[in-house]
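Here's the structure, in structure tokens; my notes come after.
As a basis for the values below, the full set of heavy atoms in this structure was taken, side chains included, without hydrogen atoms, waters or symmetry mates.
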Amino acid sequence: MNRRMITALALAAAALAPAAPANAAPVPTAVRAAPVVEVTTLADAVGLVQVTEENRTGYTRSSFKHWNSGENATDGCNTRAEVLIAEAVVAPTVGAGCKLTGGTWVSYYDGQEVTSAGSLDIDHMVPLAESWDSGASGWTAERREAYANDQGAHVSLVAVTARSNRQKSDQDPADWMPPSPDAQCRYVAEWVSTKLRWQLTADDRELEALKVYADGPCEDTIVRYTPAA
């Protein structure tokens with residue numbers, strides 16, 4: 001049977017098909033697929049990070065709106081407080097205005113146990129300035145806000161001692177690593193995961209530093225990430 005005959009038969013079948021009722025519910029044209037979690041080795045994950053030169057021209061911290069009302073806009077807590085509540089190993093009491101009292105946290109950068117929320121910083125795994133260098137300079141203000149308040153991946157924001165966060169500042173793994181050796185493989189994996197989640201690039205020095213860990217002490221480390229919408 002040739003193509004012309006097949007087409008004619010298909011048109012005839014369509015003409016004979018019963019029409020949909022006038023009050024029938026519309027059929028959705030597309031169903032959004034659930035985000036896919038990518039799982040790979042650290043070495044392979046490092047190989048997926050694109051390499052470019054960094055450029056900090058025009059960066060200001062205010063380009064990234066934070067902290068906003070968080071994942072739950074009705075709980076009275078901003079992103080910072082929501083991360084603190086989520087990461088507590090002993091839950092704090094949440095009072096009026098989302099005031100946190102009590103609670104216990106472990107800052108994995110330096111292994112310190114902390115019992116006061118005010119002694120903790122919420123660190124952006126890939127600092128805001130570093131993200132600007134690596135691609136965020138070309139984003140919309142809305143995407144930068146989403147990045148700065150990202151709770152869609154638990155590795156994007158982390159509660160750590162203010163001291164370790166200030167020591168890290170805006171440095172990448174070529175210039176700073178957590179002082180606790182037990183934290184370093186986790187840190188490299190979470191750094192790479194965040195870069196891949198947000199499609200951020202790396203410069204040559206950063207990539208070489210990541211490869212040192214991926215090919216050495218952290219070769220068995222697994223990286224998980226979900227690309228950001």
Side-chain angles (χ1 to χ4, degrees), residues 37 39-49 61 66-67 79-92 100 102-131 133-134 147-198 200 202-226:
V37 179
V39 182
T40 186
T41 64
L42 180 57
D44 286 346
V46 169
L48 295 174
V49 179
R61 191 170 176 83
H66 68 292
W67 305 109
T79 299
R80 170 186 160 81
E82 288 182 355
V83 173
L84 287 170
I85 293 167
E87 294 200 357
V89 294
V90 176
L100 306 183
T104 303
W105 293 263
V106 175
S107 167
Y108 94 80
Y109 287 180
D110 49 14
Q112 297 297 304
E113 184 176 286
V114 180
T115 56
S116 170
S119 299
L120 293 161
D121 282 353
I122 303 303
D123 181 38
H124 293 91
M125 174 54 59
V126 175
L128 300 180
E130 168 70 21
S131 72
D133 299 349
S134 307
Y147 176 83
N149 297 274
D150 182 21
Q151 293 185 70
H154 73 277
V155 304
S156 296
L157 301 170
V158 58
V160 295
T161 57
R163 179 180 180 182
S164 65
N165 187 41
R166 311 293 164 76
Q167 289 174 340
K168 172 184 174 180
S169 185
D170 59 7
Q171 299 176 94
D172 68 33
D175 296 306
W176 187 87
M177 288 291 291
S180 171
D182 292 340
Q184 292 177 355
C185 289
R186 172 182 170 182
Y187 181 77
V188 171
E190 293 184 357
W191 179 279
V192 174
S193 172
T194 304
K195 286 259 170 161
L196 292 176
R197 171 170 168 76
W198 289 92
L200 296 170
D203 64 16
D204 289 330
R205 289 186 66 248
E206 176 187 346
L207 192 69
E208 288 306 311
L210 295 173
K211 286 179 178 179
V212 168
Y213 288 91
D215 295 338
C218 307
E219 63 180 350
D220 296 327
T221 302
I222 298 299
V223 173
R224 296 175 175 82
Y225 69 95
T226 304

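Residues Trp191 and Glu206 bring a donor and an acceptor atom of their side chains to less than 3.5 Å of each other. Tyr108 and Glu190 share a donor-acceptor pair across their side chains, judged by distance under 3.5 Å alone. A donor-acceptor contact closer than 3.5 angstrom links the side chains of Asp123 and Tyr109. Checked by atom type, the side-chain pair Thr161/Asp110 shows a donor-acceptor distance below 3.5 Å.
Taking the charged nitrogens against the carboxylate oxygens, Asp121 and Arg166 do have a contact shorter than 4.0 Å, which makes a salt bridge. Between Asp175 and Arg205 there is a salt bridge, with a side-chain nitrogen of the basic residue lying less than 4.0 Å from a carboxylate oxygen of the acidic one.
Considering every non-hydrogen atom in both Gly102 and Pro92, the closest pair reads O-CB, 3.6 Å.
Atom OG of Ser134 sits about 14.0 Å away from atom CH2 of Trp198, to the nearest 0.5 Å. A distance of 11.0 Å separates OG1 in Thr194 from CD in Glu130, rounded to the nearest 0.5 Å. Taking CG of Asp215 as the reference point, atom CG of Leu210 lies at 10.5 Å (rounded to 0.5 Å).
When atom types are taken as modelled, the side chain of Arg224 and the backbone of Val39 share no donor-acceptor pair closer than 3.5 angstrom.
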Where do His124 and Trp67 land on the ring pair (Phe, Tyr, Trp, His ring centres under 6.0 Å) test, with the steps shown first?
CA-CA 12 Å; His124 293 91; Trp67 305 109; 5.2 Å; yes
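In this structure, the side chains of Leu84 and Leu100 come closer than 4.5 Å at one or more pairs of heavy atoms.
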